[in-house]
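So you know, we letter chains A, B, ... as the sequences are listed, proteins then strands, and number each from 1. When reading the values below, keep in mind they use all heavy atoms of this one structure, side chains included, and skip hydrogens, waters and symmetry mates.
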Number of protein chains: 2
Amino acid sequence: MKLYNMKQATNPRRVRIYLAEKGIEVPTQDVDIMSGENRSEVYLAVNPRGTLPALQLDDGTVIDESIAICRYFETLHPQPPLFGIGALEQAQVEQWQRRIEFDGFFNVASVFRNTAPHFATRSAPGSAPDTRQIPDLAERGRILLPGFFRMVDDRLRDRQFVVGDTLTVADITLFCTIGFARWVDIGIPDDCPNLHRWNEAFRQRPSAKA
Amino acid sequence: MKLYNMKQATNPRRVRIYLAEKGIEVPTQDVDIMSGENRSEVYLAVNPRGTLPALQLDDGTVIDESIAICRYFETLHPQPPLFGIGALEQAQVEQWQRRIEFDGFFNVASVFRNTAPHFATRSAPGSAPDTRQIPDLAERGRILLPGFFRMVDDRLRDRQFVVGDTLTVADITLFCTIGFARWVDIGIPDDCPNLHRWNEAFRQRPSAKA
């Protein structure tokens with residue numbers, strides 16, 4: 001088993017934090033997205049989609065998509081549960097994971113991929129056809145992010161975690177989104193005290209360094 | 001229990017097809033996105049995010065996000081399984097559901113929301129701040145979709161379903177993406193015979209009319 005990884009990239013980080021919370025160790029191999037190594041013939045033979053992370057099992061099967069990789073391990077190593085317990089909590093973890101991903105993470109990615117010089121001709125991820133950057137999309141990401149931060153700040157009023165009484169993948173996606181936002185100089189707004197508190201608490205967890 | 005619904009909209013359709021495949025009946029209440037009813041005070045009191053579908057439980061709890069609503073029912077009504085069985089298959093359902101959603105569905109949505117006159121000032125979904133349409137984003141969706149159709153066509157070579165031997169939510173997302181694409185005059189390319197065959201087979205299922 002091998003996890004194709006990039007130390008600085010946000011999606012691999014989600015999986016690394018998940019594995020650290022579970023106490024699971026998986027050998028990694030680094031692939032450099034910035035230089036375009038993820039679009040090399042060698043890597044496309046592993047994952048034709050060209051995205052990271054990707055998990056290669058011993059029989060050669062490859063799972064891509066960070067949350068799909070986490071779910072694979074969740075079934076094999078159910079403790080501690082990071083996708084919730086029972087119908088309602090599992091649905092709420094899914095709901096918040098997706099809200100955070102779509103309203104937060106994807107908007108940060110819109111800002112980053114449509115402004116970073118490395119992605120001038122490849123604003124779409126992985127092995128997608130060349131597409132030029134869209135400055136208006138970066139601007140839209142910046143317009144939408146304050147509302148996202150306030151939504152999660154409101155959710156974290158009187159709560160230690162996004163869902164339930166323990167950490168879940170929804171918290172992991174949120175923590176990684178905040179880290180990613182720093183790449184494009186977007187911080188947690190000053191008027192989001194609950195989110196600041198939550199973020200400081202996560203930073204104290206050993207998994208935060210994974 | 002009540003499902004906030006819009007007959008023509010794609011995300012509510014995903015849930016309706018899922019429920020039909022399970023044989024579950026849920027009362028629905030229609031909300032009209034085109035006229036902006038999803039941004040009315042009445043609906044925002046139910047779901048502040050302003051998106052559809054949303055499931056309201058008898059105690060008032062609201063679950064939004066189509067896949068989160070499906071997962072809620074999956075735990076309560078596990079048969080027939082629509083999220084896979086066992087670690088690998090569950091991971092592959094998640095992987096393909098997400099690939100189809102991100103590389104297919106979201107690109108169709110980019111074309112639609114950035115060209116349809118109804119969304120001239122609200123290109124972002126739900127109750128997000130007003131944002132103008134981005135014609136370049138619609139164009140990028142059109143550039144990326146042929147590669148998506150070929151990826152799933154290749155996957156469906158020698159396969160009856162996207163993952164495993166039975167229908168899963170990955171098939172439902174794919175079927176709804178193809179229907180959504182028709183709204184913006186994008187059809188399955190002629191050189192995707194496997195996808196054409198798969199789509200015709202799905203159209204014969206009673207759930208396709210849900």
Side-chain angles (χ1 to χ4, degrees), chain A residues 48-49 51 55 57 59 61-77 83-99 101-103 106-107 110 123-137 139-140 143-144 146-148 151 154, chain B residues 48-49 51 55 57 59 61-77 83-99 101-103 106-107 110 123-137 139-140 143-144 146-148 151 154:
Chain A
R49 204 160 161 242
T51 52
L55 179 71
L57 307 182
D59 71 356
T61 304
V62 172
I63 305 169
D64 82 326
E65 282 299 322
S66 50
I67 290 291
I69 294 170
C70 294
R71 274 200 195 277
Y72 176 74
F73 288 109
E74 189 75 7
T75 305
L76 298 177
H77 304 270
F83 281 90
I85 300 173
L88 181 59
E89 195 178 280
Q90 286 172 351
Q92 288 176 323
V93 170
E94 179 81 82
Q95 168 190 280
W96 280 100
Q97 203 295 122
R98 287 169 65 91
R99 284 181 169 190
E101 193 166 52
F102 299 166
D103 297 357
F106 283 13
N107 280 321
S110 284
S123 63
S127 57
D130 280 1
T131 49
R132 64 179 189 281
Q133 291 175 320
I134 302 175
D136 283 352
L137 186 54
E139 187 199 330
R140 191 166 87 174
I143 291 170
L144 296 176
F148 161 74
M151 173 182 74
D154 191 53
Chain B
R49 203 161 162 243
T51 52
L55 179 72
L57 307 183
D59 71 356
T61 303
V62 172
I63 304 168
D64 81 325
E65 281 299 324
S66 50
I67 290 293
I69 294 170
C70 295
R71 272 199 196 279
Y72 176 74
F73 288 109
E74 188 75 7
T75 305
L76 298 177
H77 304 269
F83 281 89
I85 301 172
L88 181 59
E89 195 177 279
Q90 286 172 349
Q92 288 176 325
V93 170
E94 179 83 80
Q95 168 189 279
W96 279 100
Q97 202 295 124
R98 287 169 64 92
R99 283 181 169 191
E101 193 165 54
F102 299 167
D103 297 358
F106 283 14
N107 280 322
S110 284
S123 63
S127 58
D130 280 0
T131 50
R132 65 178 189 280
Q133 291 176 321
I134 303 174
D136 283 352
L137 186 53
E139 187 198 331
R140 190 166 89 176
I143 291 170
L144 296 176
F148 161 73
M151 173 181 75
D154 191 54

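Counting heavy-atom pairs closer than 4.5 Å to chain B, the top residue among A:I143, A:L144, A:L76 is A:L144. For the set B:S123, B:P146, B:P48, B:C70, the count of heavy-atom pairs under 4.5 angstrom toward chain A peaks at B:S123. Listed options A:P129, A:P125, A:G86, A:S66 were ranked by heavy-atom pairs under 4.5 angstrom with chain B; first place goes to A:P129. Of the listed residues (A:Q92, A:R99, A:E89), the greatest number of heavy-atom pairs within a distance under 4.5 Å of chain B belongs to A:R99.
For chain A, no part of B:S127 is nearby; none of its heavy atoms comes within less than 4.5 Å. For a residue to count as touching a neighbouring chain, one of its non-hydrogen atoms must lie under 4.5 Å from one of that chain's; by this rule B:F106 touches chain A with the side chain only. Within the 4.5 angstrom heavy-atom criterion, only side-chain atoms of B:L57, from C-beta onward, approach chain A. Looking at B:Q133, there are no atoms closer than 4.5 Å to chain A (heavy atoms on both sides), in backbone or side chain. Contacts between B:E74 and chain A at a heavy-atom distance below 4.5 Å are absent for every atom of the residue.
Atom CD of B:Q97 sits about 9.5 Å away from atom CD of A:E65, to the nearest 0.5 Å. Atom CD1 of A:I134 is separated from atom CZ of B:R140 by 4.5 Å, given to the nearest 0.5 angstrom.
B:A91 approaches A:Y72 most closely through the heavy-atom pair CB-CB, 3.7 Å.
By the 4.5 Å heavy-atom criterion applied to side chains, A:R132 and B:D136 are counted as neighbours. Looking only at side-chain heavy atoms (C-beta outward), B:I63 and A:L88 come within less than 4.5 Å of each other. Side-chain atoms of B:F102 and A:E101, non-hydrogen and from C-beta on, do get closer than 4.5 Å to each other.
Side chain of A:Q95 to backbone of B:D64: a donor-acceptor contact under 3.5 angstrom is found.
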